[in-house]
Protein chains: 2
Amino acid sequence: MATIKDVARKAGVSTATVSAVMNDTAFVSPELRARVVTAIRELRYEPSLAARNLRRSRSQLIALAVADLSNPFYARIVWSAEAAVAAWGYSLVLFNSDEKPDTERRILSRIRTLGCDGMVLVPVGAANQYQPHEFEGIATVLLGRSIEGNSADTVTIDNWAAGRQAVDYLLDLGHRRIGSITGPMQLSTSKGRHDGMIDAMAARGLAPQPGHVRSGEFREEAAYSVARDMMGSPDRPTAIYVANGVMAIGVMRAIADLGLRCPQDVSIASTDTVAGAGGLKPRLTRTEHPIADMTNEALRLLVDRIEERGSEPVRNIVFQPALIVGESCMPLRANVG
Amino acid sequence: MATIKDVARKAGVSTATVSAVMNDTAFVSPELRARVVTAIRELRYEPSLAARNLRRSRSQLIALAVADLSNPFYARIVWSAEAAVAAWGYSLVLFNSDEKPDTERRILSRIRTLGCDGMVLVPVGAANQYQPHEFEGIATVLLGRSIEGNSADTVTIDNWAAGRQAVDYLLDLGHRRIGSITGPMQLSTSKGRHDGMIDAMAARGLAPQPGHVRSGEFREEAAYSVARDMMGSPDRPTAIYVANGVMAIGVMRAIADLGLRCPQDVSIASTDTVAGAGGLKPRLTRTEHPIADMTNEALRLLVDRIEERGSEPVRNIVFQPALIVGESCMPLRANVG
DNA sequence: AGACTTCAGCGAAACGATTAGCTATCGGAG
DNA sequence: CTCCGATAGCTAATCGTTTCGCTGAAGTCT
């Protein structure tokens, strides 16, 4: 691989001039410029990012660490993020913490070592697992989940509103015995959606039965077994709010396996987008996140921080969920419950 | 950010010693080692990859360029690849060529500039769009699709067998009027699956009607409109082979919108995995790729090339598809067709 | 004409690590 | 007591860029 010195020698100029031509950082006479350009072309010279970055202490890399790559929700984020990162002139380094705080810790250290200019993180740990200065020295935007007491920029949805919207919808259909299946309570997403659900019921003077409020891992299998358990008992709920799309799939499978029908026997409403949105039957009634918008916004904030090296105040952007009515809910009938 | 010099100063040793401790590359007395380790911890020192890589001329980066990040098939590859790359001690830089040769060209140049140690590429262009030495100087494994006449390692599936298996299955159910919807013919995947389909029919002395063999973009929308067109005519096929999971979703949607039922009115068999495998109804009968195995194998080959800097012979690994029977096909009945 | 600007282009010092080669110390052999 | 080999640890060169500060030629002003 040719280096800048080879180019300089071949063009009969100094390396400084070559650099100036490459970066348009100083005026170079047309004649010299032409010689340099020719030399670059003939030698097939490509500047070494390693050297350039060492010098500039930038890497042109943006890291994205998501919580679970097997979840289509995050796959969607990855898709949007790749496009946004490329559009801003960076490249995307992808990590999957797989919902494991230990893995996340390793990833954060790796991101530092790589010298990424910034990172978008979907944190997987409880707030107290992070040092106060955990993200110091590297531009950071938390996406989807926030960490209480942390000073990084965040882009999230209004989880409380999502839970409230979905459960209000079920209540409007006449359901009273409503269950919920959410993720780990130490995550801001689970907590918010759960609270929204509770508050929606409380607003009508209701409260879910103790056994009807469950939480578990944000995974299909976890949701499946919780749902089987909850729906197996005779006083099962007539409607369920499921906090996440992948879990909703597990719940629907559990219901089918129990010989129940959705929505005839049990209504299901969930939050967040769903795998195979086009093909799932019945289509889920759900509150959707504007994933692409959120991701784009996160990267806009991040690039802003990176390039301004800014001491701007912390920004917390909250997106509102939108209720999308599918076919997975129906009004409560007398013969059910 | 602390540098190796800061650590050396704080520990009262030379930078060489710090480096030796970090890399375990020379014997260091327990006492000094302890001092160094303490200093590293206290300063929260993380070595700069930029500097290290400049020196070692390696980047610890492996690039993955897939054809379409919105396709769950590639999302699945990304998932597996991230895990494999991390397991080998590298980090993953992700690119999406979005099935556009121009974008792919830019990506390849970017990968060079970044100095990635190797790349896994799902090529999107026709064979003649690549220079003979296109991938010279960077370890490369082509995944899923191959480029005729190119000397890179490849990991693919036997597309011909996939098409043949699926269509043999339809033939065994008694179908004779079988249509196919595949992707662009310049791609090895489309071509192979299409040929397998034709050969399966030819083996029984059959051939598809001209209007029943269609190809288009590997996307849901493209498949939807092609399917609507094909299934709208009175002599429509009784079964369709769809070359890809995303397209299958489009086809099923088209069928539903035409008021037809699957599998009662038309059987559908496809190749490759499907979005929302858990939730789609009816579940597709399909030939599946062992995506995780393929991806792991691709990375094994790649790391092998990177670390051996090897002149080993070119390796072409071909995986066999497996027929998974769902509920999207049924035997041909007299009243159909 | 002399003094002062301007500015194209160059030389060399960074950036932060690795590593070849050297120095100094120590123990043991002659 | 000297000399030698072994070896822990240091010095300094190096990787390929960017960039600060300098040089000297040309242009401008009085």
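Just so it is clear: chains get the letters A, B, ... in the order the sequence lines come, proteins before strands, and each one is counted from 1.
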How close or far is atom P of D:dT18 from atom CD of A:Q60, stated in whole angstroms?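 Distance, rounded to whole Å: 11 Å.
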Please check: side-chain N/O of A:T295 versus main-chain N/O of A:I291, any donor-acceptor pairing under 3.5 Å?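 A pair under 3.5 Å: yes.
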Write down the atom of A:A298, the atom of A:V141, and the distance for their closest heavy-atom approach. O-CG2, 3.7 Å
Would A:S109 and A:R105 count as having a side-chain donor-acceptor pair, cut-off 3.5 Å? no
Would you indicate, yes or no, if D:dT14 has its OP1 or OP2 atom less than 4.0 angstrom from a side-chain nitrogen or oxygen of B:R55?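 No, because none of the side-chain N or O atoms of B:R55 sits under 4.0 Å from OP1 or OP2 of D:dT14.
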Do we see a donor-acceptor contact under 3.5 Å between the side chains of A:N53 and A:S59? no
Can you work out whether B:A51 or B:T25 has the more 5'-proximal nearest nucleotide on DNA chain C? B:A51
Residues A:N316, A:T154; criterion side-chain hydrogen bond (donor to acceptor under 3.5 Å, both in side chains); working and verdict: CA-CA 5 Å; A:N316 297 295; A:T154 63; 2.6 Å; yes
For A:L61 and B:L61, which heavy atoms make the closest approach, and how far apart are they?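 Nearest heavy atoms, A:L61 then B:L61: CD2-CD2, 4.3 Å.
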Polar contact flag, side-chain donor to acceptor under 3.5 angstrom, B:E104-B:Y130: yes
Under 30°, 30 to 60°, or over 60°: which ring-plane class applies to A:H289 and A:F73, parallel, tilted or perpendicular?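 Rings of A:H289 and A:F73: perpendicular, as their planes differ by over 60°.
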Here the residues of residues 26-42 of chain B within 4.0 Å heavy-atom distance, strictly under, of DNA chain D are B:F27, B:V28, B:S29, B:L32
Would A:R145 and A:E99 pass as an ion pair if we require N to O under 4.0 Å? yes
Span of DNA chain C, from the first to the last nucleotide whose atoms fall under 4.0 Å of chain A heavy atoms: C:dA8 to C:dG16
Quick one: bend of the helix from C:dA1-D:dT30 to C:dG30-D:dC1 from 5 pairs per end, to 10°? 60°
Hey, are A:R300 and A:D153 close enough for a salt bridge, meaning a charged N less than 4.0 Å from a carboxylate O?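 A:D153 and A:R300: not salt-bridged.
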Crowded around B:R44 CZ? As in, over 12 foreign heavy atoms under 6.0 Å? no
When rounded to whole Å, the CD to P distance for the pair A:E46 and D:dT17 reads 11 Å
In this structure, how many angstroms lie between the P atom of D:dT19 and the CD1 atom of A:I4, rounded?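 Rounded to whole Å, this separation is 11 Å.
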Report all side-chain donor-acceptor pairs from residues 82-96 of chain A shorter than 3.5 Å, counting only partners two or more places apart or in another chain.
unit_1	atom_1	unit_2	atom_2	d
A:E82	OE2	B:N96	N	3.1
A:Y90	OH	A:R58	NH2	3.2
A:Y90	OH	A:E307	OE2	2.9
A:S91	OG	B:R110	NE	2.7
A:S91	OG	B:R110	NH2	3.2
A:N96	OD1	A:L69	N	3.2
A:N96	OD1	A:D98	N	3.0

Near-strand residues of residues 12-24 of chain B, defined as heavy-atom separation under 4.0 angstrom from DNA chain C: B:A16, B:S19, B:N23
Tell me, please, which residues at least two apart from B:R112 pass salt bridge (charged side-chain N to carboxylate O under 4.0 Å, His left out).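 Checked B:R112 against salt bridge (charged side-chain N to carboxylate O under 4.0 Å, His left out); zero matches.
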